[in-house]
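Note on naming: letters A, B, ... go to the chains in the order of the sequence lines (proteins, then strands), and numbering restarts at 1 for each one.
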Amino acid sequence: MSVMRRLALVDCNNFYVSCEQVFNPALRKRVVVVLSNNDGCVVSRSAEAKQAGIGMGVPYFKVRQQLEALGGIALSSNYALYADMSHRAMTLMRDMAESQEIYSIDECFLDFSAFTPDQALIQATKIRQALWQSLSLPVCIGLGATKTLAKLANEMAKTLKEASGICNLSDPLSPWRESQMEEMPVGSVWGIGRRTARSLESIGIKTVGDLLQAPPQRLRKNYSINLFRTLSELNGQTCIGFEQVAPARQQIIASRSFGHAVKEVQDLNEALSTFATRAAERLRADGSLASHLQIYVRGSPFAEQASSPDDAINIQLSSPTNDTRRLVDATLSGLKLIYRPGLRYKKAGVILGGIVPAHHYQPDLLRTQSHNNSSTLMRVMDHINDRFGRDVLRVASMGHRDEADWHMSCSRRSRRYTTTLDELPVFSSLGLS
DNA sequence: TATCGTATCACAC
DNA sequence: CTAACGGTGTGATACGATA
């Protein structure tokens, strides 16, 4: 007989904006947004920005004027900073529970099963305080018997004014809490996205309470297995396991939209060489090999003409590899086959697939030296780049222009306070870099 | 008929 | 001045090709 599970879901509030505010307190209590790559869309908003009606995911150019009128601030995203803050937060929480599953850059599940209900609430409070005191990060915490319930509790912790950052949907569940839960909109449930929510609403299922009371046969008939798992989890039955170690990735994607549309093969060569290089670095960091890759190029999905390019090609490697040179070669040979002169390309990408552990692969003794994997050269290259800076050692096809059209726009990035010495204010102002 | 690969969708963050 | 709209990853499902 298994003991009841009790899970906590800790989620940082407005994570990217909060990280920026840690290092620039002048941003507190202000309308602040952080933009996606290429300064494209709003991906994180301060409470004040939400209050002012700045939507999540809205293209920046559509709200730029509104932001200026509000005296608001838009920042390019600074992933080095967010990743570092995330690591600190996760490390801090790791020792405050039996086990931890890092779910995303700003969220983790914690196993609180060993705690009594009272202890669990006390521990949640401690975690909130610890993150605020040592990292200045505000978080909300939801407690529940399943991941879906913990996520829902977290939504309620964010939504309900009186929750003060913590909401408990574990037992014992007060009738009051239960009714609050039943009033939550279906779309706020983890796993029920925009489309399913709209569909459910159209048949009168608008809230969690409606969903729990709906006849299961009717749901089974019209919806996927996912919705049933979600429903079971809302009823307290575990369908989604707790993963302390992340399962091996099945694919690695490296892709970017370009700062400006490009037409020349040379630009695409450089961009795709860079993407293949990034993908290969991650592949080696995972200790893996890829068996095939896909490359794709495309124009703007918003282009008025229907003739915007959109092409892809799959390439089978003669043997699994993590060698940047082989992956770049394959990438460029693929590009040759799909490139068409004169078109306006706006995005490209490399997708590595057929990923296997490096130790799993038995090299073919008849293969030539160039097919060696995890070669000494790659290890040395990674080492040098790690020590002396990204791309100090690189394939020539990546190019060396500081300002190529395909490079991202990123005009408003804050300093990488925690990871790049040159960007500490005291160093840069002294001109030491 | 069972299975396989691929494209597409839905979802999350 | 104007035009301008993310990236990474998983799983389900549909469907035609294949053995």
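For the pair A:D11 CG and B:dC13 P, the interatomic distance rounds to 8 Å; values are reported in whole Å. The separation between A:N13 atom CG and B:dC13 atom P is 14 Å, rounded to whole Å. Atom CZ of A:F15 and atom C1' of B:dC13 are 12 Å apart (whole Å). A:I351 has its CD1 atom 13 Å from the C1' atom of B:dT6, to the nearest Å. Counting to the nearest Å, the P atom of C:dA4 and the CG atom of A:L67 are 20 Å from each other. Atom-to-atom, CD1 of A:I313 to C1' of B:dG5 comes out at 17 Å; the value is rounded to the nearest Å. Atom CD1 in A:I102 sits roughly 17 Å away from atom C1' in B:dA12 (whole-Å rounding).
A:D84 pairs by the salt bridge (Lys or Arg N to Asp or Glu O under 4.0 Å) definition with A:R88, not counting sequence neighbours.
The distance between the ring centers of A:Y16 and A:Y79 falls below 6.0 angstrom.
Once the 5.5 Å centre distance and the 30° plane angle are applied, the aromatic ring of A:Y60 is found not to be stacked with the base of C:dC5.
Judged purely by distance below 3.5 Å, without hydrogens or angles, the side chains of A:R284 and A:T324 pair a donor atom with an acceptor atom. With 3.5 Å as the limit, one finds a donor-acceptor pair spanning the side chains of A:Q180 and A:E162. Between A:T321 and A:D323, the side chains place no donor N or O within less than 3.5 Å of an acceptor N or O (distance only, hydrogens not considered). No hydrogens or angles considered: nothing links the side chains of A:E233 and A:Q237 as a donor-acceptor pair under 3.5 Å.
Proximity of residues 181-208 of chain A to DNA chain B (heavy atom under 4.0 angstrom from any strand atom) is restricted to A:V189, A:W190, A:G191, A:I192, A:G193, A:R194, A:R195, A:T196. Residues from residues 267-275 of chain A lying near DNA chain C, meaning a heavy-atom separation below 4.0 Å, are absent. Interface residues of residues 72-88 of chain A facing DNA chain C, ordered by number: none; criterion, heavy-atom separation under 4.0 Å.
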- Note on the structure: With sugar-phosphate taken as primed atoms, P, OP1 and OP2 and all else as base, the protein-contact string of nucleotides 8-19 of chain C at under 4.0 Å (heavy atoms; B, S, -) is SSBSSS------

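Annotation: the terminal axes of the helix from B:dT1-C:dA19 to B:dC13-C:dG7 meet at 10°, where each axis is the rotation carrying the C1' atoms of four end pairs onto the next four (5 pairs per end, rounded to 10°).
Using a 4.0 Å cut-off between a side-chain N of Lys or Arg and a carboxylate O of Asp or Glu, A:D310 and A:K347 do not qualify as a salt bridge.
A side chain to side chain contact (heavy atoms under 4.5 Å, CB included) with A:V32 is found for one member of A:K29, A:R30, A:R28 and no other, namely A:R30.
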